[in-house]
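In what follows, chains carry the letters A, B, and so on, assigned in the order in which the sequence lines appear, proteins first and then strands, with residues in each chain numbered from 1.
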Amino acid sequence: GAGVSQSPRYKVAKRGQDVALRCDPISGHVSLFWYQQALGQGPEFLTYFQNEAQLDKSGLPSDRFFAERPEGSVSTLKIQRTQQEDSAVYLCASSLAGVGPRIKETQYFGPGTRLLVL
Amino acid sequence: DAKTTQPNSMESNEEEPVHLPCNHSTISGTDYIHWYRQLPSQGPEYVIHGLTSNVNNRMASLAIAEDRKSSTLILHRATLRDAAVYYCILRALNTGTASKLTFGTGTRLQVTL
């Protein structure tokens, strides 16, 4: 079946431009996560949605970063006035998990969007 | 979150077993041990997880020390397609919302012919 898809796969932006990154999670998945991965590092958490509700945005590095999931499926990560330090791979993941006790919440990742800010 | 420690890199010959270690001395009683791996130019993918007992699946085996302060991911016969960064991650059993993954820097596994 279809996995998590992200678009665009590559994005080059000039410093100061706004960018929008799209994530299509696996159909029916309640939870959606965004991560940022700098070169040579492990992914770092940015934000989390349960359906359309953004329940955790503690990892967003600044108020230039904004994420939404208005209908509880597709999500968009927007970065305003991009800076060179925003250059990274942005990963989206989804999982079935909803509210309630869970033992296993496997996250399924997309291929990522590689953002380069010049 | 409790911290994990892994070697930066390891090498293996193809067709040989690989043992990837992970130390997690501050693990709590409700932390599950998860492993994900990230192939080049791809997002991470789930490999295996466990709590106390050793676990096997089609991808790998997970051996957990009796005191749970360390664990080892075992690839029984490494292939070139297993070359990736392997992440050992602790995840608490939640009764609320889904939990984020806290990645370290992982172990980069090189597999050679």
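- In this structure, E85(A) places its CD atom where more than 12 heavy-atom neighbours from other residues, nucleotides or ligands lie under 6.0 Å away.
- Of the possible donor and acceptor atoms, none in the side chain of Y87(B) sits under 3.5 Å from a partner among the backbone N and O of P43(A).
- One hydrophobic cluster holds both F65(A) and F49(A) under the rule that ILVMFWY side chains link at heavy-atom gaps under 4.5 Å.
- One distance of note links CZ of F103(B) with CG of L91(A); it measures 8.0 Å at 0.5 Å rounding.
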Please list every donor-acceptor pair under 3.5 Å in which a side-chain atom of residues 57-65 of chain B meets a protein atom from a residue at least two apart or in another chain.
| unit_1 | atom_1 | unit_2 | atom_2 | d |
| --- | --- | --- | --- | --- |
| N57(B) | OD1 | M59(B) | N | 2.8 |
| N57(B) | OD1 | A60(B) | N | 2.9 |
| N57(B) | ND2 | V47(B) | O | 2.7 |
| S61(B) | OG | N56(B) | OD1 | 2.5 |
| S61(B) | OG | H76(B) | NE2 | 2.7 |

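- If you chain together hydrophobic residues whose side chains sit under 4.5 Å apart, M10(B) and Y86(B) fall into the same group.
- The environment of CG in D67(B) is crowded: more than 12 heavy-atom neighbours from other residues, nucleotides or ligands sit within 6.0 Å.
- Side-chain heavy atoms closer than 4.5 Å link hydrophobic residues (I, L, V, M, F, W, Y) into clusters, and following such links, even through other members, never connects L39(A) to V85(B).
- Residue Q6(A) does not touch chain B at all, counting heavy-atom pairs closer than 4.5 Å.
- Evaluation of the salt bridge (charged side-chain N to carboxylate O under 4.0 Å, His left out) test over residues 43-65 of chain A, restricted to residues two or more places apart or in two chains, returns R64(A)-D86(A).
- Looking at L101(B), both its backbone and its side chain come within 4.5 Å of chain A, counting heavy atoms on both sides.
- More than 12 non-hydrogen atoms from other residues, nucleotides or ligands lie less than 6.0 angstrom from CG of L118(A).
- For T47(A), no part lies under 4.5 angstrom from a heavy atom of chain B.
- Only the side chain of R9(A) comes within contact range of chain B, with heavy atoms under 4.5 Å apart.
- Checked against side-chain contact (heavy atoms from CB on, under 4.5 Å), S87(A) has the following partners two or more places apart in sequence or in another chain: L116(A), V117(A).
- Here Q42(B) contributes atom CD and F109(A) contributes atom CZ; the two are 12.5 Å apart, rounded to the nearest 0.5 Å.
- Residue E105(A) forms a side chain to side chain donor-acceptor pair (under 3.5 Å) with just one option from H34(B), R91(B), K100(B), and that option is R91(B).
- Atom CZ of R114(A) has 12 or fewer neighbouring heavy atoms from other residues, nucleotides or ligands inside a 6.0 Å radius.
- Within residues 104-113 of chain B, the residues having any heavy atom closer than 4.5 Å to a heavy atom of chain A are G104(B), T105(B), listed by residue number.
- Note: G42(A) leads G42(A), G40(A), G59(A) in heavy-atom pairs under 4.5 Å with chain B.
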